[in-house]
There are 2 protein chains.
Amino acid sequence: MLQMDIMQLFKERRLRATPARVSTLDVLLAAGRALSHHEVEDALADKGERLDRVTLYRTLDFLVEESLAHRLSGEDRTWRFSAQGSHTGHAHPHFRCERCGMTRCLSDLKPAMVVGLPEGYVFQQAELTIRGLCPGCT
Amino acid sequence: MLQMDIMQLFKERRLRATPARVSTLDVLLAAGRALSHHEVEDALADKGERLDRVTLYRTLDFLVEESLAHRLSGEDRTWRFSAQGSHTGHAHPHFRCERCGMTRCLSDLKPAMVVGLPEGYVFQQAELTIRGLCPGCT
DNA sequence: TGTCCATTTGCAACATTGTTGCATAAAAAG
DNA sequence: CTTTTTATGCAACAATGTTGCAAATGGACA
Ligand SMILES: [Mn+2]
Ligand SMILES: [Mn+2]
Ligand SMILES: [Zn+2]
Ligand SMILES: [Zn+2]
């Protein structure tokens with residue numbers, strides 16, 4: 001997706017198309033996987049963008065708020081951000097590499113293919129987490 | 001499980017049965033759910049135990065290392081610890097309350113019962129995470 | 001194109017969670 | 001009781017994320 005198209009996207013939604021937001025969403029879209037705050041920071045640096053740490057945190061929150069990205073918690077106590085916020089509530093499976101932490105959404109896979117991972121991925125473990133309300137909170 | 005039995009357990013395994021370890025495992029066993037570092041600290045305080053923050057971190061790590069507990073990452077960037085480390089690799093489903101964060105293992109449930117949660121729990125979402133190695137790490 | 005105002009940004013300070021180094025205390029073996 | 005090994009407490013540090021506030025700026029409108 002071109003930067004110009006991203007700016008157009010913001011304008012259609014009546015959201016301020018600031019450089020920080022356009023560049024950040026651009027990075028997420030180009031990555032094709034979930035990126036940590038730090039990884040986004042690095043990717044922005046590669047493009048010659050200098051962005052304050054706090055601004056980036058707020059920008060990522062903004063994108064999630066506007067459903068342009070979604071956020072998932074990593075095993076390493078950091079948030080990861082992925083574009084494609086469209087698929088509702090990110091209630092889809094994810095893949096995380098046990099060695100390097102690389103995380104990507106598996107939302108485009110049919111259920112049958114979750115068992116058979118995409119080429120090149122090695123299955124080690126499936127973790128199923130049920131979320132909801134406990135007896136004390138109902 | 002009695003404190004004395006816990007001490008016995010350590011001795012059988014040739015592990016040093018220090019007050020910190022016995023009390024901490026006691027707290028985890030009594031909880032019946034996964035506790036954060038902070039929650040363990042509070043529970044110990046209730047029992048009149050004073051334990052250094054760092055010592056507790058190391059004690060919890062020790063219990064995980066010895067397979068007397070297992071550790072899971074929460075949505076709030078904190079580790080949770082649960083006794084019953086016996087079930088291998090904690091490759092079992094968990095339940096987390098979306099409101100208060102209460103987390104417990106569902107390891108004692110048959111697969112059919114995962115869909116139908118125990119009485120009092122409200123289902124909201126199932127998240128499946130596949131873990132393994134990505135193409136770059138194989 | 002210039003003006004204005006709500007919003008965004010950068011900076012400093014702070015909070016939380018967890019880790020490391022090292023001297024001292026204590027467990028368990030003999 | 002003495003010795004040896006290991007665990008503990010303390011201080012300092014690191015990583016990740018948040019909050020308050022003044023200054024900059026995006027976009028609407030004249
Ligand atoms: Mn996702
Ligand atoms: Mn568990
Ligand atoms: Zn990897
Ligand atoms: Zn609850």
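This is a predicted model, so every value here is computed, not measured. Order of the sequence lines fixes the chain letters, A, B, ..., with proteins taken first and strands second; residue numbering starts at 1 for each chain.
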Quick one about A/Glu75 and B/Ser73 (side-chain donor to acceptor, distance below 3.5 Å, no hydrogens or angles considered), yes or no? yes
When you compare the side chains of A/Glu127 and B/Thr129, does any donor N or O come within less than 3.5 Å of an acceptor on the partner? no
Sequence neighbours excluded, which residues qualify as side-chain contact (heavy atoms from CB on, under 4.5 Å) partners of A/Arg58? A/Val54
Would you say the side-chain atoms of A/Thr103 pair up with the backbone N or O of A/Gly101, donor to acceptor, closer than 3.5 Å? yes
Using a 4.0 Å cut-off on heavy atoms, which residues in residues 18-44 of chain A reach DNA chain C? List them by number, or say none. A/Thr18, A/Ala20, A/Arg21
Strictly distance-based, threshold 3.5 Å: is any side-chain N or O of A/His37 a donor or acceptor partner for the main-chain N or O of A/Arg53? yes
Can a cation-pi geometry be assigned to A/Arg21 and A/Phe62, taking NZ or CZ under 6.0 Å from the six-membered ring centre and within 45° of the ring axis? yes
Would you say the side-chain atoms of A/Glu39 pair up with the backbone N or O of A/Ser36, donor to acceptor, closer than 3.5 Å? yes
Could you give the angle between the helix axes at the two ends of the helix from C/dT1-D/dA30 to C/dG30-D/dC1, with five pairs per end, rounded to 10 degrees? 30°
Check: A/Glu66 main-chain N/O paired with A/Arg13 side-chain donor or acceptor under 3.5 Å: yes
Under a 4.0 Å heavy-atom cutoff, the residues of residues 48-58 of chain B touching DNA chain D are B/Leu51, B/Asp52, B/Val54, B/Thr55, B/Arg58
On DNA chain D, does the nearest nucleotide to B/Phe62 precede the nearest nucleotide to B/Arg77 from the 5' side, or the other way round? Give the residue. B/Phe62
Would you confirm whether B/Thr55, through its side chain, and B/Leu51, through its main-chain N or O, come within 3.5 Å as a donor-acceptor pair? no
Boundaries of the chain B footprint along DNA chain D (any atom under 4.0 Å from a heavy atom): D/dT5 to D/dG17
Taking the six-membered ring of B/Phe10, is the NZ or CZ of B/Arg16 close enough (under 6.0 Å from the centre) and on axis enough (within 45°)? no
Roughly how many Å is it from CZ in A/Phe10 to P in C/dT8, rounded to a whole number? 11 Å
Look for any protein N or O under 3.5 Å of an N or O in nucleotides 2-6 of chain C and output each such pair with its distance, or none.
unit_1: C/dA6; atom_1: N3; unit_2: A/Arg16; atom_2: NH2; d: 3.2

